[in-house]
S.K.: 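Can you keep this structure in mind? I'll have questions shortly.
Computed over heavy atoms, backbone and side chain alike; hydrogens, waters and symmetry mates excluded. Chain A is the first sequence line, chain B the second, and so forth, proteins listed ahead of strands; every chain is numbered from 1.
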Amino acid sequence: MIDVQLPDGSTRTLDEGSSARDLAAAIGPRLASDAIAAQVNGELTDLTRPLADGDHVAIVTPASDLGRDVLRHSTAHVLAQAVVRMWPGAHYAIGPSIRDGFYYDFDLPHGTRFSDDDLARIEHTMRAIVAEDQPFLRSEFTIEEGLELFKDQPFKVEIISGVRGGANPEDAGEIGGSVVSTYSNTPEFQDLCRGPHVPSTKRLGHFKLMRVAGAYWRGDEKRPQLQRIYGTAWESKEALAAHLVQLEEAEKRDHRRLGVEMDLFSFPGELGPGLAVFHPKGGTMRRVMEEYSRARHVEAGYDFVNSPHITKAELFETSGHLDWYAESMYPPMDLDDGQQYYLKPMNCPFHVLIFKARQRSYRELPLRMFEFGSVYRYEKSGAVHGLTRVRGMTQDDAHIFCTREQMRQELIDLLTFVLALLRDFGLNDFYLELSTRPEVKSVGSDEEWREAESTLADVARQAGLDLVLDEGGGAFYGPKISVQARDAIGRTHQLSTIQLDFQLPQRFEASYVAGDNARHRPIMIHRALFGSVERFMAILIEHYAGNMPTWMSPEQVVVLGVRDDHDDYANEVAARLRRDGVRVSVEAANEPLGSRIRRAKLEKVPYILVVGDDDVRAHTVGVNARGANDPERGVDLDEFLARLREEIAAHGSPELDRAS
RNA sequence: GCCUGGGUAGCUCAGUCGGUAGAGCAGCGCAUUCGUAAUGCGCAGGUCAGGAGUUCGAAUCUCCUCCCAGGCUCCA
């Protein structure tokens, strides 16, 4: 007999050789039928693996993170089996579970390509395999046996021999050290896999193939491009349906769609990819964001600077950007006198030149230079995406020049400032990421990097937020902290970055004179809070689903007269509000009230004021607030204005669930 | 840059076998004067992304280019 411990701390006594499946059965029939895998001493395993005395065992069921992970992985296997059945000779590469689903990469014989229509056919075959109720059977082999077994599957051979050669240590886990484990349902299909899997294909079924995409083998641009099929899979029909609904919701708040609907911005074909124009309403939104940011920066002790959009090549030769990033800069303009000029992809070297414009004293430090700097980057054509990845953008960029001694406090203050500003825009769920020295692209000595990295790590920890490590993700000149924010529907976005830089001051030979009358090298901190104004706006639009807080709304109030003989009063109300800086318009009463209200609602205007006979008489307004169910009648105009001013001043955010 | 799929009126979309372009909304005009999410009638709107080819004839078939979407790669 053996004793195993359950997650609740209790123990169960089982027969020698019992598996997790037996354990589940001993606990109850319901759990026995739900069980798809087990977690033994923290390790995810098949249900059938024998347990040992003293094991800590948790039964994994589908409606859990681990459970979904297992069934997505198993569904990926079924996908591969279906593809192999339909395209004999197909090579299959890897097929992991991912967030919300799974994928599998293939290389079809004779360069055949999947089409969208194929997805439905493959799904059909998958459902047939599920209906066949095939068991997932685990087998173990030596590396040599594994190589023989998969001799017709070059990608599998590469994974197995990579482990033998020690080339890819991360693959060792994939196949379990020196043991090659495989899963097969039928002789038709066998896959190299660490497992675990659900006991049988009949446990699957709530899945949908989403799309086909290209993906490089091992993520390497220089290696063959495989065809990847993405799918989503869930524990129940309801969970699958809920996921699909959520995708639709995300699509509804897509900033590219709302940008058109709300008349904020557009991408005229005449300009080229990734180049946006902002319409009056989008322009207003930007202006409000920028004005607020400027005001806060003034308070925080920043100086405002400006720099041109183009420069001689020399500047970016000195900075090093041309060495590392020439391919993502616009090609140079060749002038008659042989000079090459570049559009700027970065503001930092300009700010260094401002620092160097005259001799600097330690008394001036920290010197904080801020600029809404427009930069141009030649993003690969496949990389541009709405406002979030563009070729022309404006950064809320600043560079802080300080001494080594000031660096730590400056970073602490900066992080506090960053988080406060982001909160003012209605984001409040953050974590931090620390990006360390890149393996290939980087300059500087080891100890400089060590000092920079440890200082940033300290400061990040002091902020009291979760900190995750992004190994090798830093810039070539220094490590960075980035602030990641979760939006209203749970997606995370990298927003602000704070980079520590010992290199540029050296490259430009920037210095200040200290109290010891000697020249010293300043430290440079690069930081952007929005990242780019365009991208930040896109994130906010999606966060709020277009229902911008009143202070950011391009149009804050629309006034509607009930009949056209109320238009004079409507204009009077608007004039009063406008005098207090409210962005307000009047829709004349030449169409029915209901239709004007509807239009204003669709435009997501925070307040619709309806004025009729009663209001003219009593100097009141009817207030129809965005997201509210019942309009308020007979609100005193001055009282409404006071409420509105208070809300705007407080930077109140709409309650996200209220505004739909 | 690469892979797959797209591009028809301002927007959303229909358009059969290759036979010469259609709806709703938006816009404009006229009428309507209305108390909280669509008043009625009328009008206008198109180089079917662009170019080349096949054909008696191309939105439709072929090729090239541009742009968009989803991925991969990249993101100072």
Side-chain angles (χ1 to χ4, degrees), chain A residues 103 105 113-119 210-230 251 254 256-257 260-261 263 266-274 316 319-329 345-349 375 377-386 388-390 395 438 441-442 473-478 480 494 497 499 501 503-504 526 528 531 535 560-567 588-602 608-615 622-625 628-634:
Chain A
Y103 68 79
D105 288 345
R113 305 279 175 203
F114 292 122
S115 73
D116 275 5
D117 298 338
D118 289 333
L119 291 185
M210 304 299 281
R211 55 182 56 95
V212 49
Y216 299 105
W217 169 234
R218 293 211 181 270
D220 186 343
E221 211 173 359
K222 292 176 189 65
R223 309 209 52 186
Q225 189 164 43
L226 308 176
Q227 296 189 80
R228 175 171 297 178
I229 294 178
Y230 282 95
E251 208 173 308
D254 190 313
R256 292 164 300 186
R257 176 195 181 116
V260 175
E261 285 175 7
D263 195 17
S266 59
F267 292 89
E270 291 83 344
L271 300 187
F316 291 114
S319 72
H321 286 100
L322 271 173
D323 292 338
W324 304 116
Y325 296 104
E327 81 287 353
S328 46
M329 288 168 65
M346 268 276 147
N347 303 301
C348 31
V375 299
R377 297 176 180 182
Y378 187 73
E379 301 286 359
K380 289 183 183 178
S381 64
V384 297
H385 178 94
T388 60
R389 192 81 182 267
V390 288
Q395 296 179 311
K441 287 183 180 179
S442 78
F476 71 86
Y477 48 72
K480 69 178 181 196
Q494 177 180 310
T497 59
Q499 298 171 355
D501 180 3
Q503 309 310 323
L504 276 193
H526 305 237
R535 178 165 172 276
L560 309 176
V562 173
R563 282 190 319 269
D564 59 5
D565 52 328
H566 301 128
D567 282 349
N590 46 20
E591 6 168 19
L593 181 61
S595 115
R596 285 175 289 149
I597 289 174
R598 179 166 193 272
R599 183 155 9 106
K601 289 282 185 191
L602 290 174
I608 300 167
L609 301 185
V610 174
V611 295
D613 290 334
D614 300 346
D615 300 295
V623 180
N624 187 333
N629 293 324
D630 302 308
E632 255 183 292
R633 286 284 295 269

S.K.: G29(B) and U65(B): how far apart are their P atoms, nearest whole angstrom?
M.R.: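 45 Å, rounded to whole Å.
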S.K.: Restricting to ring pair (Phe, Tyr, Trp, His ring centres under 6.0 Å), what partner residues turn up for Tyr325(A), sequence neighbours left out?
M.R.: Phe476(A)
S.K.: Distance between the C1' atoms of A58(B) and U20(B), in whole angstroms?
M.R.: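 Their C1' atoms lie roughly 9 Å apart.
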S.K.: Evaluate the criterion side chain to side chain contact (heavy atoms under 4.5 Å, CB included) for residue pair Leu504(A) and His526(A); output intermediate values, then yes/no.
M.R.: CA-CA 11 Å; Leu504(A) 276 193; His526(A) 305 237; 3.9 Å; yes
S.K.: Counting Watson-Crick and G-U wobble pairs only, both distances under 3.5 Å, name the nucleotide matched with A49(B), or none.
M.R.: U65(B)
S.K.: Measure CZ/Arg223(A) against C1'/G1(B) and give the value in whole Å, please.
M.R.: 19 Å
S.K.: Using atom P in both nucleotides, what's the gap between C68(B) and U8(B) to the nearest angstrom?
M.R.: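 Approximately 14 Å lies between the P atom of C68(B) and that of U8(B).
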S.K.: Which whole-number value in Å describes the distance from Arg599(A) CZ to A38(B) C1'?
M.R.: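 Arg599(A) atom CZ is separated from A38(B) atom C1' by 10 Å.
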S.K.: If we take the C1' atom in both C17(B) and C13(B), what is their distance in whole Å?
M.R.: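 The same atom, C1', in both gives a distance of 23 Å.
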S.K.: Does the protein touch nucleotides 70-76 of chain B at the base, only the backbone, or not at all? Give it as B, S and - per nucleotide, heavy atoms under 4.0 Å.
M.R.: BBBBBBB
S.K.: In this structure, how many angstroms lie between the C1' atom of U36(B) and the CG atom of Leu602(A), rounded?
M.R.: 14 Å
S.K.: For a quick check of understanding: with a heavy-atom distance under 4.0 Å over all strands, which category does Pro631(A) fall into, base, sugar-phosphate or nothing?
M.R.: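 Base: the residue Pro631(A), judged by heavy atoms under 4.0 Å, touches a nucleobase.
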S.K.: Using atom C1' of each nucleotide, how far apart are G70(B) and C56(B) to the nearest Å?
M.R.: 42 Å
S.K.: With sequence neighbours excluded, tell me which residues meet salt bridge (Lys or Arg N to Asp or Glu O under 4.0 Å) with Arg596(A).
M.R.: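 With sequence neighbours excluded, Arg596(A) shows a salt bridge (Lys or Arg N to Asp or Glu O under 4.0 Å) to no residue whatsoever.
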S.K.: My understanding is that only residues two or more places apart in sequence, or in another chain, count here; which of them pass salt bridge (Lys or Arg N to Asp or Glu O under 4.0 Å) with Asp323(A)?
M.R.: none
S.K.: If A31(B) has a Watson-Crick or G-U wobble mate with both distances under 3.5 Å, name it; if not, just say none.
M.R.: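 When the pairing criteria are applied, U39(B) turns out to be the nucleotide that pairs with A31(B).
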S.K.: Using atom CG of Leu560(A) as one end and atom P of A38(B) as the other, report the distance to the nearest whole Å.
M.R.: 13 Å
S.K.: In Watson-Crick or G-U wobble terms, both distances under 3.5 Å, what is the partner of G57(B)?
M.R.: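 Matched G57(B) with nothing under the 3.5 Å cut-off.
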S.K.: With both distances kept under 3.5 Å, what pairs with A9(B), Watson-Crick or G-U wobble?
M.R.: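 No nucleotide pairs with A9(B).
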S.K.: Kindly indicate whether the side chain of Asp613(A), heavy atoms from C-beta on, has any atom under 4.5 Å from the side chain of Val562(A).
M.R.: no
S.K.: Apply the test side chain to side chain contact (heavy atoms under 4.5 Å, CB included) to residues Lys380(A) and Glu327(A): give CA-CA distance (whole Å), side-chain angles for both, the deciding distance (0.1 Å), then the verdict.
M.R.: CA-CA 9 Å; Lys380(A) 289 183 183 178; Glu327(A) 81 287 353; over 6 Å; no
S.K.: Please state how far atom CG in Asp613(A) lies from atom C1' in U36(B), giving the value in whole angstrom units.
M.R.: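 Asp613(A) atom CG is separated from U36(B) atom C1' by 15 Å.
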S.K.: What interatomic distance, in whole Å, is found between C1' of C25(B) and the corresponding atom of A44(B)?
M.R.: 15 Å
S.K.: Is there any protein nitrogen or oxygen under 3.5 Å from a nitrogen or oxygen in nucleotides 32-34 of chain B, and what are the pairs?
M.R.:
| unit_1 | atom_1 | unit_2 | atom_2 | d |
| --- | --- | --- | --- | --- |
| U33(B) | O2 | Asp564(A) | N | 2.9 |
| U33(B) | N3 | Asp564(A) | OD2 | 2.9 |
| U33(B) | N3 | Ala589(A) | O | 3.3 |
| U33(B) | O4 | Asp564(A) | OD2 | 3.1 |

S.K.: Determine the Euclidean distance between corresponding P atoms of U33(B) and C43(B); express it in Å to zero decimal places.
M.R.: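 It works out to 23 Å between them.
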S.K.: Under 4.0 angstrom, heavy atoms only, what part of the nucleic acid is Gly269(A) near: base, sugar-phosphate, or nothing?
M.R.: nothing
S.K.: Restricting both atoms to N or O, compile the protein contacts to nucleotides 40-42 of chain B shorter than 3.5 Å, with distance only.
M.R.:
none

S.K.: Shortest non-hydrogen contact from Ala600(A) to Ile608(A)?
M.R.: CB-CD1, 3.6 Å
S.K.: Considering every strand shown, what is the Watson-Crick or G-U wobble mate of C17(B) when both distances are under 3.5 Å?
M.R.: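 Partner of C17(B): none found under 3.5 Å.
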S.K.: Can you check the Arg598(A) CZ to A38(B) C1' distance for me, whole Å?
M.R.: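 Rounding to the nearest Å, CZ of Arg598(A) and C1' of A38(B) are 5 Å apart.
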S.K.: What is the minimum heavy-atom distance between Gln499(A) and Tyr477(A), and which atoms define it?
M.R.: OE1-OH, 2.5 Å
S.K.: Among all residues two or more places apart in sequence or in another chain, which pass the salt bridge (Lys or Arg N to Asp or Glu O under 4.0 Å) test with Lys601(A)?
M.R.: none
S.K.: With sequence neighbours left out, write down each residue that passes salt bridge (Lys or Arg N to Asp or Glu O under 4.0 Å) with Arg377(A), or none if nothing qualifies.
M.R.: none
S.K.: What pairs with Asp614(A) under side-chain contact (heavy atoms from CB on, under 4.5 Å), at least two apart in sequence or on another chain?
M.R.: Arg617(A), Arg633(A)
S.K.: Suppose we define a pair by two distances each less than 3.5 Å, Watson-Crick or G-U wobble; what does C75(B) pair with here?
M.R.: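 Here C75(B) is not engaged in any pair, so there is no nucleotide opposite it.
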S.K.: Round to the nearest Å and state the distance from Met210(A) atom CE to U4(B) atom C1'.
M.R.: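 Met210(A) atom CE is separated from U4(B) atom C1' by 15 Å.
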S.K.: Kindly write out the residues that satisfy ring pair (Phe, Tyr, Trp, His ring centres under 6.0 Å) with Tyr378(A), not counting sequence neighbours, or none if the list is empty.
M.R.: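 Residues passing ring pair (Phe, Tyr, Trp, His ring centres under 6.0 Å) with Tyr378(A): Tyr330(A).
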S.K.: What residues, two or more places apart in sequence or in another chain, satisfy side-chain hydrogen bond (donor to acceptor under 3.5 Å, both in side chains) together with Gln395(A)?
M.R.: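 Testing Gln395(A) for side-chain hydrogen bond (donor to acceptor under 3.5 Å, both in side chains), a comparison that skips the adjacent residues, returns Asn347(A).
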S.K.: Closest-nucleotide mapping onto RNA chain B: is Arg113(A) or Gly274(A) further toward the 5' terminus? I mean the 5' end.
M.R.: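 In this pair, the answer is Arg113(A).
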S.K.: Once side-chain hydrogen bond (donor to acceptor under 3.5 Å, both in side chains) is applied, do any residues pair with Glu379(A), and if so which ones, sequence neighbours excluded?
M.R.: Arg389(A)
S.K.: Let me spell it out: for each of Ser381(A) and Gly634(A), pick the nucleotide of RNA chain B with the closest heavy atom. Which residue's pick is nearer the 5' end?
M.R.: Ser381(A)
S.K.: Using atom P of each nucleotide, how far apart are A21(B) and U32(B) to the nearest Å?
M.R.: 38 Å
